[in-house]
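Scope of the values below: all heavy atoms of this structure, side chains included, with no hydrogens, waters or symmetry mates. As the structure is a prediction and not an experimental result, all values here were calculated from the model.
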Amino acid sequence: MSPASHSGPKDTCVVETDQSVKTYSGIMCDIKQFTVPILDLESFLAAKVKLRQEGLLDAQLKSNLEHVTRLLDSMPAAKRRDVSLLVEGERQLIRFTAGTPGLHYTVRQGAAGPELLQRVQAGPRLTRASITKTHFAGHRCRDDFESCMERAHQVVGTSEVGLVNVELKIACGELLLTYATSHPQATVEIRPQRRVNLGKALTLDKILEVKNSLEETGAMSRGLQACFQHLLANHSQYQGENNRIVLQSDGEMMELISGRRDYHSAQHYVFTGPDNQVQSHRVQDIDLWDDE
């Protein structure tokens, strides 16, 4: 389905695409179209040159294009073919079409900067067959024990009937993925909490690995940084099998789990208080039984 626009309220227009229906200011009603065999660096560079020559490359459009260009490095070819990409600027919309789109991207400015939204139009029913591995390719779920794809399958169920009149939204780190039926009237959200599988026991190497991963993805807040510094300085206190360590700060919580995920001989709570001071509390298995 090709993008179409029609008049909305004064000085606005409504743009209809396979992805959604959205109202833009009138100046953005003209969508610049690029048809490409695959989303790749060459396509984006050529588009930037053309937009700059025509005086259409505003700061927001440039920022959003650079964001999606960086994402290409971790995006497998399967997610760059048979897709559409709508990029928002301050005054201009551009759309790339590669093949016959089954997956639709939108790049826009979010609260923390550019973000990539993904949308799959599932038709009248959302079934397990609608939710494929390709949609999650290149993504590492925040939960090492139960992936967001597994949770989505649980929501839909095993019946071929599936769900109707529903929109399923998955927000897991950088992955913002929506499955929509033809006439969604209800929304189901999946927001996995970060759970890390430490293996048999906590080690210094594992702490540094998790810390580095959070820093690389921009998920390390000042408070969580303090919690990890505490773990590094006192790691011997947190060693042992079947341990659960909960870190909490700045509105973010994550679990570090060693051994069995369904049984914890000891649970440690590490959190920040006033002035970012780290506090900790340990609960033994016997204490848990006493509370019951």
Side-chain angles (χ1 to χ4, degrees), residues 18-22 67-68 71 74-76 78-79 83-86 101-198 210 213-214 216-221 224 244 246-257 261-262:
D18 286 331
Q19 291 181 241
S20 60
V21 177
K22 184 173 180 179
H67 178 68
V68 74
L71 292 178
S74 60
M75 191 181 292
K79 294 192 70 172
V83 298
S84 69
L85 168 65
L86 184 71
L103 180 60
H104 306 275
Y105 299 114
T106 297
V107 182
R108 69 179 188 187
Q109 287 290 319
E115 58 185 17
L116 176 69
L117 283 66
Q118 305 179 47
R119 188 178 183 91
V120 176
Q121 201 66 39
R125 299 180 183 277
L126 178 61
T127 66
R128 287 176 66 95
S130 310
I131 304 168
T132 69
K133 289 183 178 180
T134 300
H135 302 151
F136 299 85
H139 169 65
R140 178 172 178 177
C141 186
R142 290 163 57 95
D143 190 342
D144 286 350
F145 295 97
E146 187 177 44
S147 72
C148 42
M149 179 179 173
E150 291 172 336
R151 294 192 184 193
H153 282 164
Q154 290 174 11
V155 168
V156 173
T158 57
S159 170
E160 293 185 2
V161 175
L163 302 176
V164 296
N165 302 329
V166 71
E167 191 175 59
L168 175 61
K169 292 189 173 184
I170 301 171
C172 182
E174 83 295 341
L175 180 68
L176 302 172
L177 173 61
T178 298
Y179 293 92
T181 56
S182 303
H183 304 287
Q185 298 176 7
T187 299
V188 179
E189 293 191 357
I190 296 175
R191 295 178 176 271
Q193 182 173 297
R194 196 181 297 276
R195 292 195 300 174
V196 178
N197 184 358
L198 297 175
V210 176
S213 175
L214 292 173
E216 284 185 341
T217 57
M220 180 66 84
S221 66
L224 282 179
R244 175 175 178 255
V246 179
L247 308 183
Q248 191 281 324
S249 185
D250 304 316
E252 177 78 10
M253 186 166 71
M254 65 181 299
E255 300 178 39
L256 309 178
I257 299 173
R261 69 168 176 170
D262 56 348

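Side-chain contact between Asn197 and Arg261: absent, with no pair of heavy atoms (C-beta onward) separated by less than 4.5 Å. When side chains are defined from C-beta on, Ser84 does not count as touching Tyr105, because their heavy atoms never get closer than 4.5 Å. A 4.5 Å side-chain heavy-atom check between Val107 and Leu85 finds at least one atom pair inside the cut-off. The side-chain heavy atoms of Arg108 and Pro114, taken from C-beta on, include no pair separated by under 4.5 Å. Contact check for Leu116 versus Leu176: no side-chain heavy atoms found under the 4.5 Å cut-off. Using a 4.5 Å cut-off on side-chain heavy atoms (C-beta onward), Arg191 and Arg142 make no contact. Using a 4.5 Å cut-off on side-chain heavy atoms (C-beta onward), Val246 and Met253 make contact. The shortest distance between side-chain heavy atoms of Arg151 and Val155 does not fall below 4.5 Å.
In plain terms, the two heavy atoms of Tyr179 and Thr132 that are nearest each other are OH-N, 4.1 Å. Closest non-hydrogen pair, Val164 versus Pro124, comes out as CG1-O, 3.6 Å. Scanning all heavy atoms of the two residues, the minimum distance from Leu126 to Ala122 falls at CD1-CB, 3.9 Å. Taking each heavy atom of Val156 and Leu163 in turn, the nearest pair found is CA-CD1, 4.1 Å.
Each of His104, His135, Lys79 was scored for a side-chain hydrogen bond (donor to acceptor under 3.5 Å, both in side chains) with Gln118, with one residue passing: Lys79. Partner Glu167 forms a side-chain hydrogen bond (donor to acceptor under 3.5 Å, both in side chains) with one of Gln185, His183, Arg119 and no other, that one being Arg119.
Counted by atom type alone, Gln154 and Glu146 present one or more donor-acceptor pairs between their side chains at under 3.5 Å. Side-chain atoms of Glu174 and His139 include a donor-acceptor pair closer than 3.5 Å.
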Audit row: Arg194, Glu255, salt bridge (charged side-chain N to carboxylate O under 4.0 Å, His left out) steps and yes/no: CA-CA 6 Å; Arg194 196 181 297 276; Glu255 300 178 39; over 6 Å; no
**Report entry** Step-by-step salt bridge (charged side-chain N to carboxylate O under 4.0 Å, His left out) determination, Arg195 to Asp143
**Finding:** CA-CA 5 Å; Arg195 292 195 300 174; Asp143 190 342; 2.9 Å; yes
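The backbone N or O of Gly123 lies less than 3.5 Å from a partner atom in the side chain of Ser182, making a donor-acceptor pair.
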